[in-house]
Amino acid sequence: MRSVLRGCGSYLPARILTNAELAAKVDTNDEWIVQRTGIRARHIAADDETTGTLGLKAAKAALADAGIPASEVDLIIVATATPDHTFPATATEIQAALDITQGAAFDLQAVCSGFVFALATADKFLTSGAAKTALVIGAETFSRILDWEDRATCVLFGDGAGAVVLRAEEGEGTLADRGVLTTHIRSDGRYMNKLYVDGGPGSTKTVGFLRMEGREVFKHAVVNLADTVRHTFEETGLTGADIDWFVPHQANRRIIDATAHKLGIDEDRVVVTVDKHGNTSAASIPLALAQAHMDGRIKPGQLVLIEAMGGGFTWGSALIRW
Ligand code: ACO
């Protein structure tokens with residue numbers, strides 16, 4: 001069995017916050033942000049929007065793109081580090097809003113690697129026969145856990161959501177099959193204090209704010225991302241030259257460029273959207289996938305490589321034939 005990607009969709013809140021607007025609030029400037037990160041703007045959720053409402057809009061767009069009714073979905077995984085409530089899961093909110101009363105819905109927490117972890121998890125359910133049609137959603141409202149006085153972090157993140165619909169279909173068991181071909185996920189909790197939120201229900205009883213040692217994260221990101229993709233290449237016998245589209249986590253243009261270079265993937269096969277919405281954590285890969293799918297860059301039958309790294313540290317990659 002293969003988890004075949006049948007559709008994708010995304011949603012960005014209407015409010016756009018530019019670098020110039022941020023420079024009026026904290027001691028920063030457009031040139032510094034663009035040069036160090038490639039980010040020009042980010043979207044900010046309105047007061048009446050939540051991670052759940054963002055995720056729901058992306059899910060509806062993905063289902064419409066797939067032409068699959070919500071009633072056929074029997075697995076929903078929402079990758080998020082900014083759930084609407086401590087419990088229940090944002091996934092169950094979205095399940096109810098879609099009028100789905102079958103199967104299971106749960107959240108998955110791997111921060112910026114969340115979408116890759118959720119895709120890998122859904123793939124195990126679908127290929128084992130435990131579910132038939134899955135919605136995998138990455139949705140975040142990072143604007144609500146940012147310290148807006150900390151210029152080192154508040155310029156980097158934004159809100160948004162993306163989703164894909166996966167369906168279990170029979171394949172031949174070769175790399176020519178459509179669908180998820182291989183996934184690799186990793187974590188190493190020794191680095192948790194390099195990128196974390198300084199609150200939580202089990203510790204401070206508060207939500208907390210994002211804290212990060214940017215330089216340390218950068219260093220580990222390039223090494224870990226290249227490492228996880230190397231496993232994909234070793235397992236499949238493929239190289240960077242075989243990849244039609246590289247769709248990395250959209251955190252920082254310099255991390256994306258350095259990783260693509262290390263993997264031998266040409267710049268014109270890299271999908272970059274970080275300039276438009278900053279780092280949207282678990283939402284960034286499905287946002288970029290939806291963009292490249294909608295504008296016709298990714299075509300059926302092509303090989304798409306995704307990868308991400310985030311707090312924990314967590315990191316991972318997946319190879320998909322579109
Ligand atoms: N505007 C202007 N100056 C700033 C800003 C800002 N927004 N933020 C920091 N600075 C200053 C610092 O105070 C420092 O000043 P100093 O030299 O007087 O002390 C100077 O800029 C350099 O700071 P560094 O942190 O060393 O800058 P660096 O070149 O490492 O860039 C950055 C910082 C962009 C955060 C980089 O380290 C990075 O991209 N790290 C990866 C972080 C990331 O992407 N995290 C997302 C989650 S993990 C992931 O998704 C991969």
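Heavy-atom basis, side chains included; hydrogens, waters and symmetry copies ignored. Whatever order the structure lists them in is the order used to number ligands and atoms, beginning at 1.
Judged purely by atom type and a 3.5 angstrom limit, Lys132 uses its side chain to pair as donor or acceptor with the backbone of Ala168. Side chain of Thr141 to main chain of Ser143: no donor-acceptor pair is present (N/O by atom type, distance under 3.5 Å, no hydrogens or angles). When atom types are taken as modelled, the side chain of Lys299 and the backbone of Gly296 share a donor-acceptor pair closer than 3.5 angstrom. Although no hydrogens or angles enter the test, the distance criterion places no donor-acceptor pair under 3.5 Å between the side chain of Arg253 and the main chain of Asp275.
When only non-hydrogen protein atoms are considered, atom 49 (C) of ligand 1 lies nearest to Met309 O, 3.3 Å. For atom 50 (O) of ligand 1, the nearest protein heavy atom (residue, atom name, distance) is His249 NE2, 2.9 Å. With hydrogens left out, the protein atom closest to atom 13 (O) of ligand 1 is Arg151 NH2, 2.9 Å, a heavy atom. The single protein non-hydrogen atom nearest to atom 33 (C) of ligand 1 is Trp32 CH2, 3.9 Å, given as residue, atom name and distance. Closest protein heavy atom to atom 45 (N) of ligand 1: Met212 SD, 3.2 Å. For atom 44 (O) of ligand 1, the closest non-hydrogen atom on the protein side is Ala251 CB, 3.7 Å. Counting only heavy atoms of the protein, atom 22 (C) of ligand 1 lies nearest to Arg36 NH1, 3.8 Å. For atom 31 (O) of ligand 1, the closest non-hydrogen atom on the protein side is Arg254 NH2, 3.8 Å.
Every N/O-N/O distance between Asn29 and ligand 1 stays at or above 3.5 Å.
For atom 20 (C) of ligand 1, the protein comes within 4.0 Å by no heavy atom at all. In this structure, atom 16 (P) of ligand 1 has no protein heavy-atom contact shorter than 4.0 Å. Protein non-hydrogen atoms do not reach within 4.0 Å of atom 25 (O) of ligand 1.
Close approach of ligand 1 to Thr28 (heavy-atom distance below 4.0 Å) involves ligand atoms 1 (N), 2 (C), 6 (C), 7 (N). Within ligand 1, the atoms closer than 4.0 Å to a non-hydrogen atom of Val155 are 7 (N), numbered from 1 in the order shown. Against a heavy-atom cut-off of under 4.0 Å, Thr37 is close to the following atoms of ligand 1: 34 (C).
Under 3.5 Å, the side chains of His184 and Glu235 contain a donor-acceptor pair of N or O atoms. A donor-acceptor pair shorter than 3.5 Å can be found between the side chains of Gln302 and Trp245.
Within the 4.0 Å heavy-atom shell around ligand 1 one finds Asn252.
Taking a cutoff of 4.0 Å between a charged side-chain nitrogen and a carboxylate oxygen, Arg151 and Asp27 qualify as a salt bridge. Salt bridge annotation for Asp147-Arg211: present, with a cationic side-chain nitrogen under 4.0 angstrom from a carboxylate oxygen. Ion pairing between a basic and an acidic side chain is recognised when a charged N comes within 4.0 Å of a carboxylate O; Arg2 and Glu172 show no such pairing.
The number of heavy-atom neighbours closer than 6.0 Å to CZ of Arg269, taken from other residues, nucleotides and ligands shown, is above 12.
Proximity of Asn279 to ligand 1, defined as any heavy-atom pair under 4.0 Å, is confined to the side chain (atoms from C-beta onward). Residue-level proximity to ligand 1 for Leu195 is carried by the side chain, the only part with a heavy atom below 4.0 angstrom.
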Pair Cys112-Asn279, side chain to side chain contact (heavy atoms under 4.5 Å, CB included): steps then yes or no
CA-CA 8 Å; Cys112 296; Asn279 184 348; 3.9 Å; yes
Side chain to side chain contact (heavy atoms under 4.5 Å, CB included) between Phe209 and Asp150, intermediate numbers included:
CA-CA 10 Å; Phe209 292 109; Asp150 175 15; over 6 Å; no
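Taking only non-hydrogen atoms, the option from Gly214, Pro248, Ala152, Ala221 nearest to atom 41 (C) of ligand 1 is Gly214.
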